[in-house]
Amino acid sequence: MIDISKLSRCYSVRILEQSDVDMIREICEQNIIFYKYTEARPTRENILNDMQATPPGIDLSAKYYFGFFDDQQMVAIMDLIDGYPKAEIAYIGFFMMNLQYQGRQIGTAIIGEVIDYLQSTGKTSVRLAIDKGNPQSTYFWKKNGFEVISEADVNGWTKLVAERKLT
């Protein structure tokens with residue numbers, strides 16, 4: 001079980017709810033580059049579905065869909081799965097920064113704090129998928145210590161499975 005209150009020392013962190021969908025959509029719509037390389041679209045319906053989606057065989061209790069806040073301003077959104085694809089691995093299903101906070105190393109600081117916490121819980125690695133061809137995402141995740149370990153086809157879109165070892 002993940003204690004999301006321990007994921008950041010700089011920002012308040014809370015589970016996102018249906019009432020947050022418009023704020024989430026606004027942040028997603030700002031990130032035009034991301035949506036050039038994925039089939040996903042930042043619609044209300046898709047966001048609501050994403051808030052409840054889990055990988056096959058993973059219970060909803062292992063999913064944490066939360067935001068990082070600076071006072072009332074949402075800085076970033078993260079979808080984190082505890083114990084996927086194995087118990088000792090955490091999976092970042094989604095991470096998006098508010099455009100106003102990009103380019104100032106804030107995203108890197110957030111990922112660093114999340115990684116530190118996950119390591120303290122005994123996780124041995126963190127995985128995620130990068131949309132192949134997306135230069136912004138590829139650069140960000142590689143800069144943060146993630147290495148591509150495989151490719152996967154998801155509905156006709158190639159995803160780069162990346163991992164960061166914590167041990």
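Note that the coordinates shown come from a computational prediction; the quantities given were computed from them, not determined experimentally. These numbers come from the heavy atoms of this one structure, side chains and all, not from hydrogens, waters or symmetry mates.
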Treating Ile, Leu, Val, Met, Phe, Trp and Tyr as nodes and any side-chain heavy-atom pair under 4.5 angstrom as an edge, say whether [X] and [Y] lie in one connected cluster.
X      : Y      : value
Val75  : Met23  : no
Trp141 : Leu166 : yes
Phe95  : Val114 : yes
Phe66  : Tyr11  : yes
Leu7   : Ile110 : yes

Calculate, to the nearest 0.5 Å, the distance between atoms [atom1] and [atom2] belonging to [X] and [Y] respectively.
X      : Y      : atom1 : atom2 : value
Leu16  : Ile77  : CG    : CD1   : 7.0 Å
Arg41  : Asn46  : CZ    : CG    : 9.5 Å
Asn144 : Ile92  : CG    : CD1   : 9.0 Å
Leu160 : Ser150 : CG    : OG    : 8.5 Å
Ile47  : Gln18  : CD1   : CD    : 11.5 Å

Within [range] or reaching into it, pairs that qualify as salt bridge (charged side-chain N to carboxylate O under 4.0 Å, His left out) - sequence neighbours excluded:
range            : answer
residues 101-117 : Arg9-Glu113
residues 144-156 : Lys132-Glu151
residues 78-93   : Lys63-Asp79, Asp82-Lys123

Quick one: does [X]'s side chain get under 4.5 Å of [Y]'s, heavy atoms only?
X      : Y      : value
Ile130 : Lys142 : no
Phe140 : Ile111 : yes
Asp20  : Tyr65  : no

Check which hydrophobic residues are tied to [X] through side-chain heavy-atom contacts below 4.5 Å, counting indirect links as well, and list them.
X      : value
Ile89  : none
Val161 : Ile149
Leu99  : none

Consider only side-chain N and O atoms of Asn31 and Gln102, and report whether a donor and an acceptor are under 3.5 Å apart. yes
Around Glu26, counting heavy atoms of other residues, nucleotides and ligands shown, do more than 12 lie under 6.0 Å from its CD? no
Indicate the atoms forming the closest heavy-atom contact of [X] with [Y], along with that distance.
X      : Y      : result
Ile15  : Ile4   : N-CD1, 3.6 Å
Phe146 : Val126 : CE2-O, 3.4 Å
Ile58  : Gly83  : CD1-O, 4.0 Å
Met97  : Gly107 : SD-CA, 3.6 Å
Lys165 : Ser125 : CA-CB, 4.0 Å
Met96  : Cys28  : SD-CA, 3.4 Å

Sequence-distant partners of Tyr84, ring pair (Phe, Tyr, Trp, His ring centres under 6.0 Å), two or more places apart: Tyr91
Please identify each residue that fulfils side chain to side chain contact (heavy atoms under 4.5 Å, CB included) with [X], with sequence neighbours left out.
X      : answer
Asp3   : Ser5, Lys6, Tyr117
Tyr139 : Lys143
Gln73  : Asn98, Gln100, Tyr101

Apply side chain to side chain contact (heavy atoms under 4.5 Å, CB included) to Ile24 and Met74, showing your working. CA-CA 8 Å; Ile24 295 165; Met74 190 184 304; 4.1 Å; yes
How would you list all residue pairs meeting side chain to side chain donor-acceptor pair (under 3.5 Å) that involve residues 48-59, not counting sequence neighbours? Asp59-Ser61
In chain order, what residues pass the salt bridge (Lys or Arg N to Asp or Glu O under 4.0 Å) check against Arg44, with sequence neighbours excluded? Asp22
Is the side chain of Tyr64 donor-acceptor paired with the backbone N or O of Ile2 at a distance under 3.5 Å, no angle test? yes
